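Just the heavy atoms: all of them, side chains too, but no hydrogens, waters or symmetry mates, feed the values below. Please read all numbers here as calculations on a predicted model, not as lab measurements.
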Amino acid sequence: MKKKLIAIFCATLTALTLFSGCGSKKSENTLTVLNYGKYIDPEVLELFEKETGIHVDYEEYITPENMYTKYKAGAIDYDLICTSDYMVEKLIKEGQVLEMNYDNIPLAENLDKAYFDFSKSFDPDTKYTLPYFFGTVGILYNKNMVDESKVDSWDILWDKDYDGQIIMPDSVRDAFMVALKRLGYSLNTSDEKELREAQELLLKQKSMIYSYLVDEAQDEMIAENAAMAVVYSGEAGLAMDYNDNLAFSVPKEGSNMWIDSWFIPKTCTNQENAEKFLNFLCREDIAAMNFDYVYYATPNTKVVEQLDPDLQANTTIFPPKDILNNCEVLKSLDDDTTTLYSELWLELKAYSE
Amino acid sequence: MRNLKRQLFAGPYMIWIVGFILLPVVMILYYAFTTSSGSFTVSNVLTITHPIFFRALLFSLKLALVCTLICLVLAYPLAMILNNMKNGSQGFIVFIFILPMWMNFMLRILAWKMLLSNNGIINTILGFFGLPDLHIINTPAAVVLCMVYDFLPFMVLPIYNALARINRDVIEAAKDLGAGNITIFFKIIVPLSMSGVISGIIMVFVPALTSFAVSDLLGGGKVLLIGNIIEQAFTQDYNWNLGAGLSFVLMIFVLVSMTLVNSRDTEGGANVW
C-alpha cells in the first residue's frame with residue numbers, strides 16, 4: 001500500500017517536471033515583447049504579424065518595479081522590453097542589456113535627435129536604447145475648484161484650503177520627486193538628510209491626501225472626486241479631453257522628465273526580429289497609430305509634423321523645450337539609497353496621526 | 001489489481017495536492033528561511049517585530065475581528081428569520097443573498113468605490129435630501145464595509161444550515177417541559193448552531209485577515225494591511241524572501257486563530273480542516 005502511494009507520488013512529480021519542460025520551447029519566428037499596459041495600438045501588432053509573418057507574444061506590466069520582478073523571475077525569455085529611464089539604467093548597470101544594432105533600424109532617423117541626447121543620462125553612449133514616448137509630471141487640476149494663480153508651484157499641494165482633495169502618486173520616486181523639488185533639491189539626490197526632509201514634508205501632507213493612486217488618478221479627476229492630482233503629462237492630456245474643467249501645470253520649481261525606451265534584454269533569442277519590430281515602430285504610419293492610441297508625446301518628428309497645428313501647440317501633450325530644460329530625468333540609485341527609499345516610503349504609507 | 005485501479009482514480013487529486021498545495025507551501029518555507037543568495041536565515045520571519053510591520057499586522061487583526069463581529073451580528077438574526085420562513089420563500093431569499101456572488105469580486109469592490117467616492121452615488125442622493133456628505137472612501141471604515149458586504153454570505157449560509165438541521169421535535173419537547181422562548185434560544189438553538197457559527201467565523205476571519213485587494217482599492221493607498229506589505233515585497237521590491245517570511249508569520253496567525261476557534265467545537269461537524 002505504502003509503496004504504491006510512493007510510486008504515484010513519484011509519477012506525479014515526473015509528470016509535473018515534464019509538463020513544465022514543454023512551456024519554454026519557442027518556435028523560430030516568435031517575438032516576446034514586454035510593455036506597459038495600454039502602451040501600443042493592438043492593431044499595430046496585427047499589422048506587424050501580417051507583414052513579416054513573425055508572431056508576437058505580447059505581455060504587459062504596471063510599474064517599472066513590476067517589470068523588473070517579471071524579468072528577474074526568469075520564467076519567460078523576453079526579446080524586447082519597453083520601460084522607463086531609471087529602470088533601463090539599472091538593467092544596463094547590471095549587464096542585462098544587449099547593444100542595439102542601429103544599422104538594422106534605419107527608420108530611427110525619424111526620431112528627433114534631441115531625445116537621444118536626453119536619453120544620455122541613462123544610456124551615455126547611445127548604445128542600448130530607442131526612445132518611444134516621453135513627457136513630464138505635473139499637477140492636473142480642476143479650474144472650478146482650484147485657485148489658478150497658485151497652481152504654478154508645488155506649494156499648493158500643502159495648502160490647507162484643499163484638505164482631502166489632493167491625489168498623490170502611489171509610486172516612490174514620483175511622490176518623493178514632488179517633495180524634493182519643492183525643497184529645491186535634485187530628484188536624484190542620495191543625501192540622507194535631504195531625503196528625510198522630503199519625507200517629513202510628505203508625512204505632514206498625508207492627512208490632506210484624498211488618495212495615493214497611479215493609473216486611476218485620471219478617472220477620479222474626470223469624475224471630479226478631487227481638486228488636484230499629480231500625474232504624467234500624457235494622462236493629463238487624455239483626462240482634459242473628457243472633462244473641460246481640467247487643466248495641467250508643470251510647477252516652476254521644476255519637475256521630472258521621463259523617457260520610456262525600448263531595449264533588448266540578454267534573454268533575447270532573436271535580435272534581428274527584435275530590431276525589425278523596432279524599425280516597424282519607427283515607421284511614420286505605425287508611429288502615428290500608436291500616438292493616436294497612447295496620446296503621449298512621441299519623439300517621431302514625421303508624426304508630429306503631420307498633426308493638427310492645435311494639437312502640435314498643446315503644451316500638455318508636447319511639453320515646450322523651456323519646461324523640459326527645467327526638468328530632470330530620473331537616474332537609478334545605488335543600493336543603499338534604494339533601501340533607504342523603501343524604508344522611508346513604508347514609514348510614510350504606515351503613518352497615521 | 002483492483003486496488004491499483006482505485007488508486008489511479010486518485011491520481012488527478014494527487015497532482016492537484018502536490019502541485020498546487022504542497023509545492024507552493026514548501027517554496028514559501030524555502031524562501032522564508034533563506035537569504036537572496038540561498039543561505040539559511042531567520043531574519044525574514046523576525047522582520048515582523050519591526051514596529052511598522054507589527055503595527056500593520058495588529059491593524060489587520062483588528063479590522064478582521066471587527067468585520068467578523070459585524071458579519072456575525074448581522075447574519076445570526078437573518079439566518080433565524082430564514083429558518084422560520086416557509087420553504088418556498090426560503091430558497092428565494094437564499095438565492096437573492098448568493099446572487100451578488102455571481103459577479104466578480106473585483107467588480108463588486110469597484111462598484112463600492114463608485115458608490116462611496118466624494119461625488120459618488122450615495123453622496124448625490126444625500127445631497128438631494130440636503131443631508132451632509134459621507135466621507136468614508138479611502139478610510140478603514142470603507143474597507144470594513146466592503147469586506148462585510150463581500151463576506152456576509154459566508155457567515156449566513158453555514159449558520160442557516162446549522163439552524164435548519166435542528167430537529168423541531170427538540171424545540172417542541174422543550175416547550176412541553178415549560179421552557180420559555182429565551183431559554184430555548186440560549187439553551188438549545190445557540191449551542192446546536194455553534195458548529196455553523198464556527199465555520200462562519202473561520203470563513204470570514206481568514207480571508208479578511210489576509211485580504212489586500214479591498215484595502216488597495218478602497219483604502220486609496222492610505223490603509224496599510226499586512227497583506228499589502230506582502231504584496232509590495234513581492235511585486236514592487238523584488239524581495240521574495242521577505243514576502244515569504246511575512247506570509248509564513250501570517251499563516252501561523254491564521255493557524256493559531258483557527259485552533260482557538262475550533263477548540264470550542266465539540267460537535268465535530270464544523271471542522272473545516
Of all heavy-atom pairs between Asn225(A) and Gly120(B), which one has the smallest distance, and what is that distance?
OD1-N, 4.3 Å
Validation row: Thr69(A), Phe234(B) side chains within 4.5 angstrom (heavy atoms):
no
So, the part of Tyr61(A) with a heavy atom under 4.5 Å from chain B: the answer is neither
How long is the straight-line distance from CD of Gln236(B) back to OG1 of Thr63(A), given to the nearest 0.5 Å?
4.0 Å
What part of Ala350(A) is in contact with chain B, defined as an atom under 4.5 angstrom from a non-hydrogen atom: side chain, backbone, both or neither?
both
Answer yes or no: is there a side-chain heavy-atom contact under 4.5 Å between Gln232(B) and Glu65(A)?
no
Lys62(B) atom NZ, over 12 foreign heavy atoms within 6.0 Å
no
Could you tell me whether the side chain of Ser117(B) reaches within less than 4.5 Å of the side chain of Tyr210(A), counting heavy atoms only?
yes
Could you tell me whether Phe54(B) atom CZ has more than 12 heavy atoms of other residues or ligands within 6.0 Å of it?
no
Engaged part of Glu216(A) at the chain B interface, taking heavy atoms whose separation is under 4.5 Å
side chain
Tell me whether Met114(B) at atom CE has more than 12 heavy atoms from other residues, nucleotides or ligands lying less than 6.0 Å away.
no
Answer yes or no: are there more than 12 heavy-atom neighbours, outside Met145(A) itself, under 6.0 Å from its atom CE?
yes
Count the heavy atoms of every other residue, nucleotide or ligand shown that sit under 6.0 Å from CZ of Phe40(B), and state whether that count exceeds 12.
yes
Ile137(B) versus chain A, the contacting section by heavy-atom distance below 4.5 Å
side chain
Could you check whether any side-chain N or O of Lys349(A) sits under 3.5 Å from a backbone N or O of Ile229(B), counting only pairs where one atom can act as donor and the other as acceptor?
no
dist Leu346(A):CG -> His50(B):NE2 (nearest 0.5 Å) comes out at 7.5 Å
In short, Ala223(A) meets Asn119(B) closest at the heavy-atom pair O-ND2, 3.3 Å
So which part of Leu110(B) gets closer than 4.5 Å to some heavy atom of chain A, the side chain, the backbone, both or neither?
neither
With rounding to the nearest 0.5 angstrom, report the CG to CG distance, Asp216(B) to Asp170(A).
7.5 Å
I need the minimum non-hydrogen distance between Ala73(A) and Tyr238(B), along with the two atoms involved.
N-OH, 4.3 Å
So does Leu126(B) have more than 12 non-hydrogen atoms from other groups sitting under 6.0 Å from CG?
yes
Chain A contact via Phe53(B) - which portion, at a heavy-atom distance below 4.5 Å
side chain
Provide the closest heavy-atom pair for Leu213(A) versus Lys113(B) in the form atom of the first, atom of the second, distance.
CD2-NZ, 4.4 Å
Over all atoms of both residues, closest heavy-atom pair of Thr235(B) and Asn66(A)
O-ND2, 3.0 Å
Take atom CG of Asn144(A) as the centre, draw a 6.0 Å sphere, and report whether it contains more than 12 heavy atoms from other residues, nucleotides or ligands.
yes
Output the distance between atom CG (Leu218(B)) and atom OG (Ser211(A)), rounded to the nearest 0.5 Å.
11.0 Å
Would you indicate whether Tyr232(A), at its atom OH, is surrounded by more than 12 heavy atoms from other residues, nucleotides or ligands within a distance under 6.0 Å?
no
Shorter than 4.5 Å, heavy atoms on both sides: which option in Glu224(A), Gln165(A), Glu347(A), Lys72(A) has the most such pairs with chain B?
Lys72(A)
